[in-house]
There are 2 protein chains.
Amino acid sequence: MLNDTSLHHLDISHIRSSCATCSLRELCLPVGLNDQEIQVLGDVVSYKRKIQRGGYLHRTGSQFQSLFAIRSGFLKTCVLEEDGRQQVTGFHMKGELLGLDAISTDTHTCDAIALEDSEVCEIPFAKLEEISRTIPSLMRHFHKIMSREIVRDHGVMLLLGSMKAEERLASFLLNLSRRFLMRGYSESEFNLRMTREEIGSYLGLKLETVSRAFSKLQDENIITVDNKHIQINDIARLRLKMGNSSCIT
Amino acid sequence: MLNDTSLHHLDISHIRSSCATCSLRELCLPVGLNDQEIQVLGDVVSYKRKIQRGGYLHRTGSQFQSLFAIRSGFLKTCVLEEDGRQQVTGFHMKGELLGLDAISTDTHTCDAIALEDSEVCEIPFAKLEEISRTIPSLMRHFHKIMSREIVRDHGVMLLLGSMKAEERLASFLLNLSRRFLMRGYSESEFNLRMTREEIGSYLGLKLETVSRAFSKLQDENIITVDNKHIQINDIARLRLKMGNSSCIT
DNA sequence: TGTTAATTTTGATTCAGATCAATTAAAGCG
DNA sequence: CGCTTTAATTGATCTGAATCAAAATTAACA
């Protein structure tokens, strides 16, 4: 499933320059850096890695070396218990940074699995720390990214701790909508990459409950559901459904 | 409620040296630093602040300047909604670092409220970032602390998303137990600082359900409850109650 | 392209936890 | 110290979501 070895015989220098120039700017890290700083960062972002749908980017317990910046595709992260219990902790798309949880123990604490064919840039963490010493704005920005992850998690905790099924689904859809919009896609029409079961795991619901909540929102003409294809017909009413909660980040 | 001004006419240099010498080592930050580095860090940890029971360390929306290292006492953090919905996101004790969520937007995203009279050391964040450039092990350690917070939150998400009431309470008690033990207190006997309602908010349960879960565990002779005083009689069985889930951190 | 497997929807039933309500116990406080 | 307020327990009832079950739809793949 893992196909990291498949890249080893490629022209690394080409990939490197590709990372440093054309697309590094699309990642979340280089915000506010000048050209020279981006060049330095580009030298650190060593190479691209492709993960096929269903493949693992990393597994719980595996050694931590690098953060991963998603360049394209869609992934989920999930923690799982000995007793089989599983919890999806997040869905991740282009521009987002994966692996932050692993810094604490130098070991990944969750699985990261591609929900569609994806590409990530590997960022050796030791090198990132090193150059962030000389580029204060990079360090600052990296801290903000970690902090944002904490804030996001608090939002999910609020959702899991105090919302009911329909509110959770509304919140989830609005969150996706906003993230698609930010990336230049439609905020009102998109395809889900995950199953009802994965949505349920993320939202603390069973898949049947998720399905019923979809149907309910459709019956009220707030959304139109065609399997994985979602159309938001009335975003204002969808926001009301959420119970005036602030959108999770 | 806030009594930060009450300290302004105190002898700061004394407080500073007090922070730098006798107790800075107790905080979570100086792990692995040498004496000189601790001295540098001590100069940054500017002064102590006392918060009375019920007082706010910071409020949602207030400007972020400093992290706070808890030197003594017990606090809760909670996010709240316009519609009054409230979610306790954590309980915090000696040695822990508060304010990490605020880095992302330079604004606090939650309230931090003292559950008993508490003392914190204020750590101006800009200065911390500055000196962490020259003390790599401090930077590394700070990153680990942020990462640990993310891992902890994922643990809570697992709890909220997939455990039932009794499992949640068992998990909660074991977590407290372990943290008290780490600080040199009894792991089997302690006083809760929070109400049933606050526990419920943290665990995504109503206070009545929390109370019933306490009673149930007591009926089974796993714990003895006397209002806020908890004695764990059979920690092994309490762990079993959790359903073999890994303890939240 | 046909066959199998996985996913989704919908219905019927059950149950854990919420809600409502009343009592008891503990904590503030003049 | 007694009085008031707040917190905790326990019981009765209700309800939202889980569970069980079956059918329908879609995706995988040989």
Side-chain angles (χ1 to χ4, degrees), chain A residues 1 52-55 76 84-88 113-117 159-172 191-220 223-230 241 243, chain B residues 1 52-55 76 84-88 113 115-117 159-173 191-220 223-230 241 243:
Chain A
M1 284 219 180
Q52 284 185 310
R53 182 166 134 80
K76 69 170 177 180
R85 209 159 10 196
Q86 179 175 339
Q87 172 82 21
V88 173
I113 300 169
L115 295 178
E116 61 182 31
D117 291 357
L159 176 144
L160 292 172
S162 70
M163 291 187 184
K164 4 201 201 304
E166 235 187 300
E167 298 173 325
R168 295 184 197 193
L169 187 65
S171 180
F172 170 74
N191 283 296
L192 300 174
R193 272 75 171 184
M194 70 295 282
T195 65
R196 303 289 189 262
E197 187 167 26
E198 287 163 333
I199 296 172
S201 173
Y202 182 62
L203 298 179
L205 302 169
K206 291 293 156 187
L207 69 96
E208 295 95 328
T209 307
V210 173
S211 180
R212 275 183 246 270
F214 270 123
S215 301
K216 178 107 185 299
L217 289 175
Q218 178 162 245
D219 289 348
E220 300 177 74
I223 63 174
T224 304
V225 186
D226 179 16
N227 205 325
K228 291 229 161 58
H229 183 263
I230 304 293
K241 278 282 167 194
Chain B
M1 287 217 179
Q52 283 184 310
R53 182 167 134 80
K76 70 170 176 180
R85 210 160 10 195
Q86 179 176 338
Q87 172 83 19
V88 173
I113 299 170
L115 295 179
E116 61 183 29
D117 290 0
L159 177 145
L160 292 171
S162 70
M163 291 189 187
K164 3 203 201 318
E166 236 186 299
E167 299 174 323
R168 294 183 199 194
L169 188 64
S171 181
F172 171 73
L173 290 175
N191 283 295
L192 300 173
R193 272 75 173 184
M194 69 295 281
T195 66
R196 302 289 190 263
E197 188 167 24
E198 287 163 332
I199 296 172
S201 173
Y202 182 62
L203 297 179
L205 301 170
K206 290 292 157 187
L207 69 95
E208 296 94 329
T209 306
V210 173
S211 180
R212 277 184 244 270
F214 270 123
S215 301
K216 179 103 185 301
L217 289 175
Q218 177 160 247
D219 289 347
E220 300 178 73
I223 63 174
T224 304
V225 186
D226 179 16
N227 206 319
K228 290 227 162 60
H229 182 264
I230 303 293
K241 277 283 167 193

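Lettering follows sequence order; numbering is per chain, from 1.
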Check your understanding: Should the heavy atoms of other residues, nucleotides or ligands under 6.0 Å from CD of A:Glu197 be counted, would the total exceed 12?
Key -> no
Exercise for review: Give the rounded distance in Å between these two atoms: CD of B:Glu197 and P of D:dT6.
Suggested key: 12 Å
Practice item. Could you grab the distance from atom CZ of A:Phe214 to atom OG1 of A:Thr209, nearest 0.5 Å is fine? Key: 12.5 Å
Review point. Whole Å only: how far is the NE2 atom of B:His229 from the P atom of D:dA8?
Key: 15 Å
Study note, to complete from the structure: dist A:Leu169:CG -> A:Phe172:CZ (nearest 0.5 Å) comes out at 7.5 Å
Check your understanding: At what distance, to the nearest 0.5 angstrom, does CG of B:Leu173 lie from CG of B:Leu192?
Key -> 7.0 Å
Point to revise | Per-nucleotide protein contact string for nucleotides 19-28 of chain C, where B marks a base within reach and S marks sugar-phosphate only (heavy atoms under 4.0 Å, - for neither) | key: BB-----S-S
Review point. Using a cut-off of 4.0 Å on non-hydrogen atoms, how would the nucleic acid contact of A:Thr195 be classed: base, sugar-phosphate, or nothing?
Key: sugar-phosphate
**Study point:** Integer-rounded Å distance: D:dA7 P and B:Ile199 CD1
**Key:** 13 Å
Revision key, fill the gap. Assert: residue with more 5' nearest nucleotide on DNA chain D, out of A:Lys228 and A:Arg168, is A:Arg168
**Study point:** Presence of salt bridge, A:Glu220 and A:Lys216, under 4.0 angstrom
**Key:** yes
Check your understanding: In this structure, are over 12 heavy atoms from other groups packed under 6.0 Å from A:Lys164 atom NZ?
Key -> no
Exercise for review: Verify the contact: side-chain N or O of A:Ser215 to OP1 or OP2 of C:dT10, cut-off strictly under 4.0 Å; return yes or no.
Suggested key: yes
Check your understanding: What is the distance, rounded to the nearest whole Å, between atom CG of A:Asp117 and atom P of D:dA28?
Key -> 11 Å
Check your understanding: To the nearest 10 degrees, how far apart in direction are the end axes of the helix from C:dT1-D:dA30 to C:dG30-D:dC1, each fit to five base pairs?
Key -> 60°
Check your understanding: Taking for each residue the nucleotide of DNA chain D with the nearest heavy atom, is it A:Glu166 or B:Phe214 whose nucleotide lies nearer the 5' end?
Key -> B:Phe214
Practice item. To the nearest Å, give me how far apart CG (A:Asp219) and C1' (C:dT9) are. Key: 12 Å
**Study point:** B:Lys241 side, atom NZ; B:Ser171 side, atom OG - distance, nearest 0.5 Å
**Key:** 14.0 Å
Review point. Separation of A:Met163 atom CE from C:dA18 atom C1', in whole Å?
Key: 18 Å
Review point. Roughly how far, to the nearest 0.5 Å, is CG of A:Leu205 from OG of A:Ser211?
Key: 12.0 Å
Check your understanding: Base, sugar-phosphate, or nothing for A:Leu205, non-hydrogen atoms under 4.0 angstrom?
Key -> sugar-phosphate
Review point. When all nucleic acid strands are considered with a 4.0 Å heavy-atom cut-off, which category describes B:Gly200: base, sugar-phosphate, or nothing?
Key: nothing
Practice item. Could you state the atom-to-atom distance from CG of A:Leu192 to P of D:dT26 in whole Å? Key: 15 Å
Revision key, fill the gap. Here the distance between atom C1' of D:dG16 and atom CG of A:Leu169, to the nearest Å, is 15 Å
Check your understanding: What pairs with A:Arg193 under side-chain contact (heavy atoms from CB on, under 4.5 Å), at least two apart in sequence or on another chain?
Key -> A:Phe74, A:Leu115, A:Glu116, A:Phe180
